[in-house]
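Every chain is numbered from 1, with letters handed out A, B, ... down the list of sequences.
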Amino acid sequence: MSSQTRVELRKDLFADERDDNLNEIGRPTARQDILGHVTGRSPFFDDHQFDGLLHMRCVRSPHHHARIRRIDIAAAERMPGVRRIILGRDVPHNLNTLLSLIDFGRDDEPLLATGKVSYVGEAVAAVIAETERQARDAVAAVRVDWEVLPHVLDPEEALAPGAPIVNETWPRNVFEYHDKYTHQKLRFGDVERAFARPDVEIVEGRYQMSPIEQAPTETCGAIAAPETNGRYVCHTSTQALFFSLGTTAKLLDMPSSRLHFIGGTVGGGFGGKVDSLHEPLAVLGAILTGAPVKYIWDRAEEMQVGAPRGAERWYLKDAVTRDGRIVARRFRGYFDCGAYTRLSSYAVQKATGHLPGPYTIENVSSDVYCVFTNRTPATAMRGFGITGVDFAIECHMDKVAERVGLDPIELRILNAYRDGDMKAHRRLAKNTALIECCQVAAEKAGWPIRPEFAAMSSLTGGGGDRAAIPETVTDEEGRVDGTPAARPAPRPAAPAPAPAPATASTSARPAAPATRPAAPPATPPAAPPVAPPVSAPAPAAAPAERPQERPAQKPYQPQEPFTRGVKKPGAHRFSSLSGTRRR
Amino acid sequence: MARTPVEFRLNGAEKAVFVEGGANLLDVLRRGLGDMTPKYGCGQGTCGTCTVLVDGRPQLACLTLAETVAGREVRTVAGLPDGAELHPLQDAFMENFAAQCGYCTPGMLMAAAALLERRPDPSREEVVEAISGNICRCTGYEPIIAAILDAAQRRRRRAS
Amino acid sequence: MGLTVETYASAAEAARALAAAQDARYLGGGTLVMRAVNYGDQSFRRILRATDPALGRIAAQGGRISVGAGVTMAEITESRELGFLAPAARAVGGPAIRSMATVGGNLFAAHPYGDLAAALLALDGRAVLADGREQALDELFAARGRGQQPLVTAVTIARPERGAFRFRKVSRVKPKGVSVMSIAAWLPRSGGRIAGARVAYGAMGPTPRRVPRVEQALEGRTLDAAGVQAAVAAAAEGLDPPEDAIASAWYRRAVAPVHLRRLLLEEDG
Ligand SMILES: Cc1cc2nc3c(=O)[nH]c(=O)nc-3n(C[C@H](O)[C@H](O)[C@H](O)COP(=O)(O)OP(=O)(O)OC[C@H]3O[C@@H](n4cnc5c(N)ncnc54)[C@H](O)[C@@H]3O)c2cc1C
Ligand code: FES
Ligand code: FES
């Protein structure tokens with residue numbers, strides 16, 4: 001049986017909501033790149049050949065948390081084939097956060113760590129050599145003097161008093177939302193009042209999910225090479241070409257017009273190829289050596305250093321009436337974002353926007369924390385922000401059903417949102433279909449449900465009272481008062497539909513980036529210590545084992561620092577992408 | 001650095017190449033000879049995306065010391081088509097949606113080719129066994145299994 | 001620096017070179033050696049290999065069979081002579097691994113590998129060294145990791161009576177998966193009762209190992225529910241199995257009796 005015959009389109013459902021004129025959906029359509037795939041000719045980043053290609057490998061932390069006392073590259077630099085060893089001081093703007101391109105969060109992560117490392121596998125130096133083996137040998141010869149620091153691997157422990165500070169940009173070990181709160185809040189109605197009602201049962205639960213590695217079959221990597229006119233070409237496995245481009249421009253302090261990025265053929269991403277760690281290092285390597293440089297993770301790095309979907313822990317508390325109506329639901333969630341923000345801050349907001357799941361509950365409250373720990377930084381993965389909390393919610397629905405003695409599918413149908421209902425983030429539900437999904441699932445599974453539940457519909461019974469926004473209590477718990485004075489005050493939150501107090505969801509972002517180290521030095525930098533940036537392939541037969549005398553490397557600085565902040569490559573305002581705008 | 005000359009046949013053509021000490025066949029095929037069809041996914045034998053045929057048997061190019069193929073016949077996806085005509089496996093992979101990102105595809109095709117050359121009419125179990133060393137993160141395997149079974153039929157049809 | 005590869009025409013020469021070297025690694029099929037090379041293992045700089053055809057030979061020797069150290073898992077599964085050993089060879093990796101992985105390499109593969117080696121151990125395997133000396137596999141395993149390992153040219157094993165040899169690999173992923181444990185049992189019978197059983201485990205210690213208490217508990221018994229009871233009870237006695245990503249030590253101990261029982265009674269599962 002071929003796979004597509006298993007799809008069943010239920011066109012009987014919501015038939016009047018669409019014209020039945022679909023030409024593609026429900027029909028097999030060949031991928032446009034399939035011929036390349038079956039002939040092995042699809043151009044993945046590593047399939048581009050460059051004469052004289054150099055290889056980059058990183059020196060990595062063996063510790064969860066350690067101060068770097070000294071990095072000794074003297075022996076490694078003299079090893080055969082080694083062209084250059086890059087340290088944090090060579091990165092012109094060695095502090096970034098991925099979402100700074102949409103002005104969200106604070107720069108909190110170096111490309112190459114300098115003062116300390118905060119997770120196992122964090123890179124502190126990058127060796128460029130003529131062969132991969134030479135690069136590996138030189139990496140093994142770099143001596144780092146570590147002072148091991150206490151570490152924390154659990155988000156709730158990271159929030160406890162006295163926990164080690166993982167990331168100095170976030171001294172409370174949490175991402176600060178809107179520069180105002182230690183967590184992302186959602187308030188809708190008054191859960192505490194509902195919990196106190198005499199006619200409800202309280203059902204509580206704790207759920208957690210481990211980190212999950214995307215494990216793409218192609219490991220992450222990039223090849224960068226000098227082009228003419230001072231431009232650099234970069235072939236990359238990235239899933240997010242313009243993210244990688246903007247990030248590279250920012251870290252290397254160069255205009256994106258000098259970067260020629262080529263991607264789009266990705267050997268599996270699943271969210272794990274957005275972090276833009278390879279392109280900046282590969283391009284910097286090409287700048288410093290004047291030659292094509294490849295930086296690719298091996299499988300061990302992909303698994304250890306590659307950012308996974310982060311761990312999550314959720315606490316749920318419901319108030320349920322005897323007949324199975326959930327009248328209040330409170331969430332407390334902890335996202336383990338590892339040592340740096342990457343995309344976890346955004347995942348928390350996605351999760352919050354999703355609460356309380358596809359159900360209509362008149363009182364909802366949620367506090368979700370994006371917590372720093374000494375684990376590998378977390379990032380995107382298929383439905384990130386939603387998957388973990390959905391797991392928690394649906395486990396909890398089963399628990400509630402058991403407690404009140406109701407069939408789990410009937411409980412879901414009873415509490416399902418319907419067209420016209422007000423959702424906790426203050427938008428009206430439309431095109432809802434949970435009831436029908438439950439009915440079809442029950443039918444397919446041969447799971448009996450009572451006739452009144454089989455007769456319910458997403459189209460009826462919604463709206464009316466259920467469209468109202470309840471009177472909402474708010475609070476200042478988790479208020480951050482120690483916000484650095486330099487940080488501009490956040491703009492007032494966008495007006496929410498009356499009469500609700502506006503405390504839900506995303507508020508507007510400050511216009512200026514939160515923290516940024518001093519602007520690049522205005523003094524003209526020293527001439528780059530390497531050959532001019534022309535592609536000069538090394539003669540293949542050159543004797544490789546020549547011990548070289550070379551002057552000590554000076555830190556790299558761009559010849560013409562790019563004045564940033566005026567026209568940032570690819571910068572959008574975060575609020576224009578999501579959050580406050582109403583459709 | 002020590003370099004050793006190695007001669008072997010690649011998809012029917014004689015090749016001679018100098019290899020560095022310890023070089024694996026995957027690097028030699030890709031960097032040395034420009035055959036980019038076998039892919040790197042792990043360098044440790046666990047993903048199968050570098051699978052090639054050596055004297056008709058499936059081997060992991062990343063774990064094959066280049067010197068060991070001297071005098072032998074190596075086959076890759078580049079050698080699967082018969083002139084302009086695709087191999088039945090390639091047609092079947094296209095029509096059964098057996099590739100999404102396409103990265104595992106060359107290894108899957110070679111593992112399947114090794115099977116069909118030994119067992120022209122394999123059972124589903126034999127197909128599953130034949131690709132058990134190959135990881136696909138995209139498709140969930142079912143379309144690949146269907147494609148290989150389909151290819152076996154196509155081959156028999158072409159032959160008759 | 002960099003690596004060098006030395007190819008010898010005879011196993012004896014390779015053995016001499018290996019014995020004299022500090023920084024060398026012998027390459028069988030290379031499935032583990034090349035993995036180390038690819039990942040920049042700094043403990044060796046020289047790769048030694050031998051093209052000696054004798055290493056690939058499978059030959060009957062009286063009641064025993066000699067299997068060359070260079071024989072691959074795939075060749076075992078195709079050999080008529082070694083039909084009884086095919087299930088153990090088939091348990092190693094996927095098809096591509098099996099066309100590379102050799103008998104010699106399996107003897108030295110670190111935990112959790114060594115599925116075939118457990119079978120060879122149960123079959124009274126003896127390693128033949130390049131100078132012709134023989135060493136029982138238990139002794140070879142005991143010396144493993146201490147100093148330079150000697151070159152093995154072949155392993156001789158007993159030829160078990162029809163139906164007297166059983167092998168089972170327990171893994172979470174099927175068909176190809178790393179061992180939770182593997183069990184090999186040679187169960188010769190005389191008058192329906194077991195006499196001189198040899199039972200070995202893979203992945204239940206740093207190297208494959210015999211389980212003498214199980215062997216003793218089987219002595220003189222029949223292969224039925226009552227007969228195997230004592231052996232099953234002794235299945236994990238005194239063992240301290242490794243803890244790894246595949247299974248905890250507790251789990252390995254807990255499931256050993258279940259799988260031993262299934263093997264002895266030829267139950268499915
Ligand atoms: C993806 C994958 C899956 C695997 N699955 C399994 C599995 O399921 N079960 C299992 O048992 N193993 C497994 N292995 C491990 C390995 O492939 C096998 O154990 C194999 O038999 C090793 O043989 P080789 O010839 O490849 O060894 P090599 O890599 O060539 O050598 C391994 C070690 O043995 C030494 N050596 C090799 N031959 C000799 C000799 N003749 N004399 C002395 N020393 C020698 C080498 O010096 C080296 O130290 C797997 C490996 C991989 C990469
Ligand atoms: S690259 Fe060879 S098996 Fe993965
Ligand atoms: S199609 Fe992407 S790994 Fe198989």
Arg35(C): partners by salt bridge (Lys or Arg N to Asp or Glu O under 4.0 Å), with sequence neighbours left out: none
NZ-CG distance between Lys176(C) and Asn134(B), expressed to the nearest 0.5 angstrom: 8.5 Å
Leu32(C) portion near chain B, given a 4.5 angstrom heavy-atom threshold: neither
OH/Tyr39(C): more than 12 non-hydrogen atoms of other groups inside 6.0 Å: yes
Nearest heavy atoms of Met34(C) and Asn24(B), plus distance in Å: CE-CB, 3.7 Å
Distance-only criterion, 3.5 Å: show the donor-acceptor pairs between side-chain atoms of residues 101-109 of chain B and protein atoms not counting sequence neighbours.
{"unit_1": "Tyr103(B)", "atom_1": "OH", "unit_2": "Tyr40(B)", "atom_2": "O", "d": "2.6"}
{"unit_1": "Thr105(B)", "atom_1": "OG1", "unit_2": "Gly102(B)", "atom_2": "O", "d": "3.2"}

Val5(C) and its side-chain contact (heavy atoms from CB on, under 4.5 Å) partner, picked from Thr4(B), Thr68(B), Leu65(B): Leu65(B)
Best-contacting candidate, Ala96(C), Pro175(C), Gly30(C), against chain B by heavy atom pairs under 4.5 angstrom: Ala96(C)
Over all atoms of both residues, closest heavy-atom pair of Gly22(B) and Leu3(C): CA-CD1, 4.1 Å
Heavy atoms from other residues, nucleotides or ligands near CD of Glu7(B) exceed 12 (cutoff 6.0 Å): no
Pairwise side-chain hydrogen bond (donor to acceptor under 3.5 Å, both in side chains) hits with a residue in residues 83-100 of chain C, at least two apart: Glu129(B)-Arg98(C)
Closest non-hydrogen atom pair between Gly94(C) and Ser132(B), with its separation: CA-OG, 4.0 Å
Residue Arg162(C) excluded, over 12 heavy atoms near CZ under 6.0 Å: no
Minimum heavy-atom distance between Asn38(C) and Cys62(B), given as atom pair plus value: ND2-O, 2.8 Å
Pairs of heavy atoms under 4.5 Å with chain B: top-ranked of Thr7(C), Ile47(C), Thr31(C), Thr51(C): Thr31(C)
Contacts of residues 42-58 of chain B with chain C (heavy atom under 4.5 Å): Cys42(B), Gly43(B), Gln44(B), Gly45(B), Thr46(B), Arg57(B), Pro58(B)
Which atoms of Ala23(B) approach chain C - backbone, side chain, both or neither, heavy atom under 4.5 Å: backbone
Spacing of Thr4(C) atom OG1 and Glu20(B) atom CD [to the nearest 0.5 Å]: 13.0 Å
